[in-house]
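The structure appears right after this line, and notes come after that.
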Number of protein chains: 8
Amino acid sequence: MDIDYVSNLLGEFKAGRLTIEEVLEKLKILPYEDMDFAKLDHHRLIRQGYAEVVFCQGKTIEQVHAIINKLADYNSSILATRATREMYNAVKESLPDAQYHEMARLITIERQKPPVDNERFILVMSASTSDIPVAEEAAITAEIMGNKVKRVYDVGVAGIHRLLAQRQLIEQANVLIVVAGMEGALASVVGGMAAKPVIAVPTSIGYGANFGGLAALLSMLNSCAAGVAVVNIDNGFGAGRMASIINKMR
Amino acid sequence: MDIDYVSNLLGEFKAGRLTIEEVLEKLKILPYEDMDFAKLDHHRLIRQGYAEVVFCQGKTIEQVHAIINKLADYNSSILATRATREMYNAVKESLPDAQYHEMARLITIERQKPPVDNERFILVMSASTSDIPVAEEAAITAEIMGNKVKRVYDVGVAGIHRLLAQRQLIEQANVLIVVAGMEGALASVVGGMAAKPVIAVPTSIGYGANFGGLAALLSMLNSCAAGVAVVNIDNGFGAGRMASIINKMR
Amino acid sequence: MDIDYVSNLLGEFKAGRLTIEEVLEKLKILPYEDMDFAKLDHHRLIRQGYAEVVFCQGKTIEQVHAIINKLADYNSSILATRATREMYNAVKESLPDAQYHEMARLITIERQKPPVDNERFILVMSASTSDIPVAEEAAITAEIMGNKVKRVYDVGVAGIHRLLAQRQLIEQANVLIVVAGMEGALASVVGGMAAKPVIAVPTSIGYGANFGGLAALLSMLNSCAAGVAVVNIDNGFGAGRMASIINKMR
Amino acid sequence: MDIDYVSNLLGEFKAGRLTIEEVLEKLKILPYEDMDFAKLDHHRLIRQGYAEVVFCQGKTIEQVHAIINKLADYNSSILATRATREMYNAVKESLPDAQYHEMARLITIERQKPPVDNERFILVMSASTSDIPVAEEAAITAEIMGNKVKRVYDVGVAGIHRLLAQRQLIEQANVLIVVAGMEGALASVVGGMAAKPVIAVPTSIGYGANFGGLAALLSMLNSCAAGVAVVNIDNGFGAGRMASIINKMR
Amino acid sequence: MDIDYVSNLLGEFKAGRLTIEEVLEKLKILPYEDMDFAKLDHHRLIRQGYAEVVFCQGKTIEQVHAIINKLADYNSSILATRATREMYNAVKESLPDAQYHEMARLITIERQKPPVDNERFILVMSASTSDIPVAEEAAITAEIMGNKVKRVYDVGVAGIHRLLAQRQLIEQANVLIVVAGMEGALASVVGGMAAKPVIAVPTSIGYGANFGGLAALLSMLNSCAAGVAVVNIDNGFGAGRMASIINKMR
Amino acid sequence: MDIDYVSNLLGEFKAGRLTIEEVLEKLKILPYEDMDFAKLDHHRLIRQGYAEVVFCQGKTIEQVHAIINKLADYNSSILATRATREMYNAVKESLPDAQYHEMARLITIERQKPPVDNERFILVMSASTSDIPVAEEAAITAEIMGNKVKRVYDVGVAGIHRLLAQRQLIEQANVLIVVAGMEGALASVVGGMAAKPVIAVPTSIGYGANFGGLAALLSMLNSCAAGVAVVNIDNGFGAGRMASIINKMR
Amino acid sequence: MDIDYVSNLLGEFKAGRLTIEEVLEKLKILPYEDMDFAKLDHHRLIRQGYAEVVFCQGKTIEQVHAIINKLADYNSSILATRATREMYNAVKESLPDAQYHEMARLITIERQKPPVDNERFILVMSASTSDIPVAEEAAITAEIMGNKVKRVYDVGVAGIHRLLAQRQLIEQANVLIVVAGMEGALASVVGGMAAKPVIAVPTSIGYGANFGGLAALLSMLNSCAAGVAVVNIDNGFGAGRMASIINKMR
Amino acid sequence: MDIDYVSNLLGEFKAGRLTIEEVLEKLKILPYEDMDFAKLDHHRLIRQGYAEVVFCQGKTIEQVHAIINKLADYNSSILATRATREMYNAVKESLPDAQYHEMARLITIERQKPPVDNERFILVMSASTSDIPVAEEAAITAEIMGNKVKRVYDVGVAGIHRLLAQRQLIEQANVLIVVAGMEGALASVVGGMAAKPVIAVPTSIGYGANFGGLAALLSMLNSCAAGVAVVNIDNGFGAGRMASIINKMR
């Protein structure tokens, strides 16, 4: 609960401009919007620095369309993840400035560029070309939230010289996102080279005993390098969001 | 075995109206109907307060059609779960009063409204819009079994004020069903707020390490709040049935 | 937040007996007691009908001792689960009316018997003699919370006549707790016989592929009988608490 | 190695009708036929009482077609499991007496009925109508191997009276096959009623935490009833074959 | 329910020697003995050919002692599994003819040798010396139930000639029990050589990824040989019991 | 490789003060110290801001003693995790300024307090008193690395008002560490309240289906709140190190 | 880093033909080619004896096409695994000498046959016809890398004589690859017969509790035969590559 | 079966020095020694180049003692793994030249040094000091089998320069064994640097989600580097044996 908001309520009440019932009612009402099948958390922008992000998986096209339209009434920047092209087509009709990022499965609307600190960049690395869809989800998420992003893809540890050649970038980055499937070893090696925080994203890319990303997930959680924290399998968005929060710390 | 039924048999036998063979035979016969590929438990209505419910998954359209028709000979209220639209189309031809609930994948027939106690309602809550199909399966199940149901959807814990705003409803509800995927934390928070029993339903909605609902399931089983019990992943029907049984206790 | 409490606060404020700072402060303070390593939720008795229960596992003897003593200042009935005899010995020194239930690993203090409705009893069933420790945890939990409890132990389904002989008790019980390890089939059979809610408790008792209770847990979650909900493996307390909540519904 | 065969070889050798090289060669050659991509074990009929059975999954239509044709040169009775209709169509062209069992996914050829002992029957039971495909795979397998089979379907333990009504059949059966998904409790209950061996077949039918049959598998392995042994999930063929071997013991 | 028993009851009733209440009561009473913490199934000997077996794990010494003494009142042959030496010492005091089999962790009492058919023997094989405790549990179980048993230990497939040398025994055995840890391959090889049923027992013996017997269990369940069925990990008793049932079929 | 270092080498070489063999050799030598059983990474302080931390588990007392002594030659601040009291006793003999933190199982040496920015604090929260050992490992790790730490323990979500009362602290913290066992829901709720990064640490505290912390781990990975990243189960050190890195960013 | 390369660099530098900047730059540049979405490791041929192999899964057709074309500029022999026919069609247009191996899902280009030592052959064995796709991936991989390969398919242990008949081949082979699904027992039996290294490849072929190859994987890891090492499930390529490395050792 | 042996048998038979029964008998007898609880495979030395190795886990001290003594009658070099000090003490009494390797838990007897090729060495690497026990098991196994072994311990990837400093050794080694717990990333990095075969050994060393070595195991199986094969968790012996077989290839 916002202290100013409550102080104000109390002032209004003392001044007789609100009844006790009204104050009680208002103390319970917080700034979200009830769409029946969804409750939009308009307060999140103030509380956490970015508006509610739409997770499209499991929602109908109609629901995605309605939620994005409602959000677009109040926000200049919108992000929807795990979106299909069909969802995008529905959204585009009423919001022609929406964009679709096929590989990353993101819908974005960006009506006003946020200010970007070009000195502090987030480095998004992928172990393999096959991990790029998840890496792009992370990178675009970080960009729409107002971060400078650099990408280095296909630097898996099996050819360690490819990775060592990136040493300078790794040392300069302010936050690092490491996206890797298979055995996910890239996170540990980068974690040992970087002085800044590393967000590791396991992916479900790989042969047999990868078990849908479990191998890379366990590998990253057990990283022998400190300074590595992990998000969910294939969760590029989560990594991008976390990196953005850290990158904006002063 | 029903005591009256057996007493009656014994009386008939003593009176010579039944031979010993007939009594032995009848003692083995209980009220179910053998359809060869299915044995309908007509006794269940008396024993447990609601007729046998048809679990359609893994059955052929012909089997579903035949079973529902047979049940419809004896019951005024019928419920079939995990039904496809094709199954419904087959059923509708001979039973035009059957209804299909697309999102919840239910076929219902309701020829006579059961009496409903409007004072005692079941509150069905979902953490996300994506969990609504399972929540609806629970809600409609409870309704057809004669319960008042209220729905509150998309109140996941990441925006705790959306949930706290429902405090009054949570305190008034007689039984609560909490449907959540991802990390399933809603069950624990609601479990700590409610004084009445909470039935938790994990769903298979989520990113990578959700592992088909395993994350939410384990989370709910390990709930730090007492007064929470769990049904199977995505088992909206089971939660609705359990809540109905509890809601009718006096 | 309690409406009366807030109404009252507002009245005090309007009357000038509280400053705006004091009201803001109080709106944030809720009735718990901070012991630094623990925050006792004294409000729970009012909110959920029974005081906070102490989960002793992972706590030091000193912590358990201090928490129980603090709770004993305000409550006439206290329950501590997963307690070792060493913990009990420490508690008993300052609280000589504490009792230890060896098999169930419970410490209880009961200074005033709660009123019990003898018409509505909870039936605690176990599949095997080996499951009795968990069953006793459930039974004693329910008893200290003011319920009439009946016990039927060692009625596993391998000798189905032992179970069928309990049919009358099963039909009369108001709530049922079914405790079973190995394959946990007892929950399904009882679930099909009872008209009242069944709380199933998987135990970790069994041979090899029981995997610490996983077999019974999955079995119970997948029960073909409706009206069954599940608590955590070996969680006798959770079952007893849940059954107590349901048993007190009117 | 067959003793008569080797004795004979040695006689031929001593008699000078075979050279030492020929004997060495023949001692290595056992009666199988090399098709390059498959090695048909024609010896199996003699060794184990039924010809090699074709497991079609993972094989191409051409391979299935070629193997069955080759087997048909030497055997009057052929069984192929996990066969698609496309495989059957290919086989039928050259072997018009082949039959397809859609539900059980079996191709059978039966040119000569084996003798059947009608006194000793195998009882195939299923917990649910949805388990019938696996049950039929077991039943047809047992039949083509020359066993009398009786079927009792949809007798899951949630309506225990449906099962108890089959007591006589259960007691008369010489071998029992219990097919069940969900929690697989049927195996334990039947295992406690029958005096003869019970072969339990878990199926992958069920809601969420069934995990592809794991729940029923673990349940059956942990059965509290002795006299129950388990085959692989959905492995109707394995159960039918095992039951047939046992049923023919004298 | 036993038909003769019920016929008799009905006769007594018709003759007026039993009231209707008494008949109703007796129809519910089946022959088990209620020890409060255990319900002894004295009926099992008649129903399944061997008295109830005591599973000692998870029971107190007092409970084991009491149960075995009660069973000893009615049975000439008693088996208790997973028994510790402490349990045995307690039992021996009141039942001096009890024997303890250290390796197999069994307590046995055998007051009268059952008749044994020496022509039909059960062959118990173990892959490794380390599997002998489980193998002995199986062998002794089968022996006390009146079977001729032969043992062949340490014939794992890594030295296939050791196994091939047992070909004659394998072909002569009437039922085979194969006990193996590690990868459990012995079951498949024996399953391909034997014409009679093979009961496979996975053990928890092995290095790292054995995961408490899971490796051998999955291996045996997936056996490419038909005619193999599996019991629980380390469940020598279950295998011995199953083999005994099969071995006595005629 | 450090550019200045290599430039320097090249200069020395061109000047003839190093032979080509010496340069080649030096290009391969990096600053670590070879103790045969351990290779101390003295370079880590420069590269990552804190000296190598000793993970004691699986090491002998002699090895721990030798490694810490060697590190103490070069560093004013030393941290050893998962240390037993025996290890500490051995270390203390030669390094009397070493300290042991029993609950956190840490050995620390701190000869010179690092500068601390008291404006930016790390908030360490635990769901339960039982999680304190892991929370303390995190807190002490962060402190020895030069961070201001505040602790809030026992604020699990089952009494949400205890948590809401910490709102101000949560909003003021610069980095948050959330330590929770059981269902780990605290991470999601805090993640939704905080604007700063949340490091979640699952613990192995809990009942049955916690499976050694798996429940909390999966829960946290699947958190519906963005801005949460996860470290290994019980890995308080990893969380403290990660939080310290983030907290020092400007 | 290649010593000759660096020596040479240093010589050039001393001779003044390279500036210090150029040397520093070159010391960091290793021979890979940056395609933005991929970094081709042209150095691998020299370092490990075969060019980089393209893992096509998860890559777009355009990416596969571009990578193979780039590799084809520098290499006479190219291998791409997990390729679809669509990928091949795209490649074939610009590289008409590319070949597609449907069953093994490989694209190969072989412009110059490598020298082959026909005395030392790799033996690829499969347990079942259904395992042939993985076996072919292994065999073709080994062949394109310049090895003599012999194939023996469908020699699963259920008909052990089929396997024993291959004894001579098994003893003559220089390296063995054993491909098996289901219970994977073939690896153990062959491992006990062969004197040379055995590379085991579990496949995902099988019924229910195979769990996508987990059964065979665990079985092979737990092999009671020494001299067996395992690669990932269905990883024919990895086995072929490993066998090739070993086969070329002198 | 050995061809010379059988040729000889046939010659003896033809010459009348053996009866047909004797030949049949001998064709079945292969060189192993039956100790009842163990069958010693004396043939293994000839077949696979090293005598049978004793796996002590799960065996009694008496069994270990007896087996080693029997082996010592025929072999000059003996290896027993997973041996406790108690087992060693028993062995030492009758075989005073037996040695115990505490850390590696090995008993060895080496009466005659095998010839060693000092040019071709096996490199045993460990990621951490904590992995040394398993690494030593591998190293000593390889040594007793007649291989030159070099050890490089504590070169985990978190300090990649420690590993890169070993580049020369890595390139010179003839076979590499990589022992690593936690995330096991060392195997992938070494696999990308070495031209020779890498045998990876996951260990059970690590924090929480290591799950007894599962994390390292999955990581190594999913290695992005080719030329890596894996043995069981903590299976140092298996790695040493495999490496020895490969190292002796010419």
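Since the structure is predicted, the reported quantities are computational estimates derived from the model, not experimental observations.
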Is it the case that over 12 heavy atoms from other parts of the model lie below 6.0 angstrom from the CD atom of G:Gln99? no
Pair count under 4.5 Å, heavy atoms only, with chain E: among G:Ala185, G:Ser188, G:Gly181, G:Gly192, highest is G:Ser188
Within residues 218-250 of chain E, the residues sitting under 4.5 Å from chain G by heavy atom, in sequence order, are E:Leu218, E:Ser219, E:Leu221, E:Asn222, E:Ser223, E:Cys224, E:Ala225
Residue E:Gln57 excluded, over 12 heavy atoms near CD under 6.0 Å: yes
Does any part of the side chain of G:Leu163, heavy atoms only, come nearer than 4.5 Å to the side chain of E:Ile160, both counted from C-beta? no
Test side-chain hydrogen bond (donor to acceptor under 3.5 Å, both in side chains) applied to G:Arg151 - qualifying residues, sequence neighbours left out: G:Glu136, G:Glu143
